[in-house]
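What follows is a set of notes on a single structure, which appears directly below.
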Amino acid sequence: MKTISNAANSPKHCDDHPNLQTTLMDIYHRMEDAFGDRGWWPASSTEEIIIGAILVQNVSWSNTVKAVERLNDHGLLTFPALAAASVDDIEACVYSTRFYKTKAKKLKAFATHVMTHHKGRIDAMLAQPMAPLRAELLQIYGIGPETADDILLYAANQASFVIDAYTKRIFYRLGLTPADISYESMRAWFMANLPADVSLFNQYHALLDAVGHHFCSTKRPKCEACPLRSKCLVAQGKLVI
DNA sequence: TTCCGGGTAG
DNA sequence: CTACCAGGAA
């Protein structure tokens with residue numbers, strides 16, 4: 001069994017529910033033994049991570065990659081360039097992302113925000129403390145809670161736990177959270193019961209995505225091969241879906 | 001709640 | 001051929 005960072009192994013900031021932390025780390029290690037290092041977020045710059053996070057909203061990763069590459073080919077993979085570009089030109093680059101008109105508006109809105117409020121310096125914007133930065137991100141058109149946490153974790157390297165549809169589905173099936181839990185409640189639950197470690201949160205979300213994508217599908221989950229089968233109510237026939 | 005509305009894996 | 005994808009706005 002692999003070991004992770006020291007911070008992730010020491011129950012420093014979360015001694016209210018030591019048993020729950022043990023459970024969450026057990027789940028983590030079972031997934032890591034199965035998938036190894038996922039290496040999220042695959043991108044070569046901070047700006048590319050943010051642009052990709054917006055484009056991938058409810059869109060497949062393969063279609064997102066096409067759009068990022070086209071933006072790069074047209075010199076639009078920076079916020080100064082996006083802020084100056086026409087919406088029509090951006091739309092042409094991100095056509096592969098299903099809601100391409102909405103995506104183009106979102107990219108331009110974020111780029112304009114960085115230019116207007118931070119003189120184009122994304123690094124300065126991301127250097128703010130987590131709470132005010134998260135609040136600022138949520139006020140930008142096109143940035144909801146999941147994308148804000150993607151940006152905080154993968155672009156700003158701050159320990160904000162990302163919740164997505166896979167996370168909710170897997171933990172409901174594990175019997176650890178309600179089916180209708182809110183985004184903010186579930187994020188707070190993870191962050192209250194795990195050490196605030198960027199590498200741990202990064203890997204944890206990436207591993208949940210892998211389990212969700214490969215095993216824990218909405219219908220016909222592949223429980224027999226799932227690394228979490230021994231902890232899961234569905235795999236043990238105790239929960240019908 | 002509904003709209004958005006390309007692309008591909010199965 | 002259908003299902004559904006690293007969501008968010010109105």
Side-chain angles (χ1 to χ4, degrees), chain A residues 31 35 37-71 73 87-113 134-158 160-172 179-187 190 198 200-222 224-225 241:
Chain A
M31 293 191 295
F35 292 105
D37 189 349
R38 299 270 77 191
W40 273 29
W41 189 288
S44 53
S45 75
T46 300
E47 295 186 317
E48 184 180 332
I49 293 172
I50 296 171
I51 291 166
I54 292 170
L55 292 176
V56 81
Q57 293 164 357
N58 211 37
V59 168
S60 63
W61 180 250
S62 62
N63 283 357
T64 301
V65 169
K66 290 172 178 285
V68 170
E69 288 176 346
R70 194 160 300 174
L71 285 169
D73 291 341
V87 177
D88 284 345
D89 287 344
I90 303 174
E91 283 181 10
C93 292
V94 302
Y95 188 71
S96 63
T97 58
R98 188 149 77 138
F99 314 122
Y100 63 93
K101 293 181 180 176
T102 306
K103 299 291 188 186
K105 283 196 293 185
K106 290 180 177 180
L107 290 181
K108 193 170 176 68
F110 196 97
T112 301
H113 178 93
R134 190 169 193 269
E136 180 179 337
L137 287 167
L138 289 173
Q139 287 184 318
I140 302 172
Y141 173 79
I143 307 299
E146 182 176 341
T147 308
D149 291 326
D150 279 336
I151 293 170
L152 282 165
L153 183 58
Y154 294 103
N157 291 110
Q158 299 198 38
S160 190
F161 201 94
V162 178
I163 306 298
D164 65 354
Y166 289 143
T167 309
K168 288 188 179 180
R169 185 156 75 230
I170 291 167
F171 276 80
Y172 169 65
D180 61 348
I181 189 171
S182 73
Y183 185 100
E184 298 297 335
S185 295
M186 193 161 192
R187 172 176 178 268
F190 274 101
V198 174
L200 173 67
F201 286 12
N202 180 320
Q203 257 289 350
Y204 212 129
H205 181 243
L207 290 167
L208 285 172
D209 174 81
V211 170
H213 184 69
H214 293 287
F215 302 111
C216 201
S217 42
T218 309
K219 41 187 274 186
R220 300 190 188 189
K222 301 173 182 175
E224 323 75 41
I241 54 176

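Lettering follows sequence order; numbering is per chain, from 1. What you see is a predicted model; the values in this text were computed from it and never measured.
For A/Thr97 and A/Lys222, each mapped to the nucleotide of DNA chain B holding its nearest heavy atom, the one lying further toward the 5' end belongs to A/Thr97.
Counting only residues at least two apart or on different chains, the side-chain hydrogen bond (donor to acceptor under 3.5 Å, both in side chains) pairs with a member in residues 209-218 of chain A are A/Arg169-A/Thr218. Sorted by first and then second residue, the side-chain hydrogen bond (donor to acceptor under 3.5 Å, both in side chains) pairs involving residues 41-50 of chain A (not counting sequence neighbours) are A/Ser44-A/Glu48.
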Each nucleotide of nucleotides 5-10 of chain C classed B (base within 4.0 Å of a protein heavy atom), S (only sugar-phosphate) or -, in 5' to 3' order, makes BBBSS-
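Taking the C1' atom of each, B/dG5 and C/dT2 are spaced 16 Å apart, rounded to whole Å. Of the P atoms belonging to C/dA9 and B/dG7, the separation is 24 Å, rounded to the nearest Å. Distance noted for atom P between C/dG8 and B/dT8: 24 Å (whole Å). Rounded to whole Å, the separation between the C1' atoms of B/dC4 and C/dC5 comes to 14 Å.
Ring pair A/Tyr154/A/His205 is tilted by interplanar angle, where 30° to 60° counts as tilted. Under the 30°/60° scheme for interplanar angles, the aromatic rings of A/Phe35 and A/Phe215 are found to be tilted.
Sparse packing is recorded around OH of A/Tyr172, with 12 or fewer heavy atoms of other residues, nucleotides or ligands lying under 6.0 Å away.
Side chains of A/Trp40 and A/Val162 form no contact here, defined as non-hydrogen atoms less than 4.5 Å apart.
For the residue pair A/His113 and A/Gln139, no side-chain donor N or O sits within less than 3.5 Å of a side-chain acceptor on the partner. Side-chain atoms of A/Ser96 and A/Asn63 include no donor-acceptor pair closer than 3.5 Å. A/Thr147 and A/Asp150 form no side-chain donor-acceptor contact under 3.5 Å, judged by distance and modelled atom types alone.
The salt bridge (charged side-chain N to carboxylate O under 4.0 Å, His left out) test applied to A/Glu184 returns A/Arg134, not counting sequence neighbours.
First and last contacts of DNA chain B with chain A, using any nucleotide atom under 4.0 Å from a protein heavy atom and ordered 5' to 3', fall at B/dC4 to B/dT8.
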Set out, line by line, the N/O atom pairs under 3.5 Å between protein and nucleotides 1-3 of chain C.
none

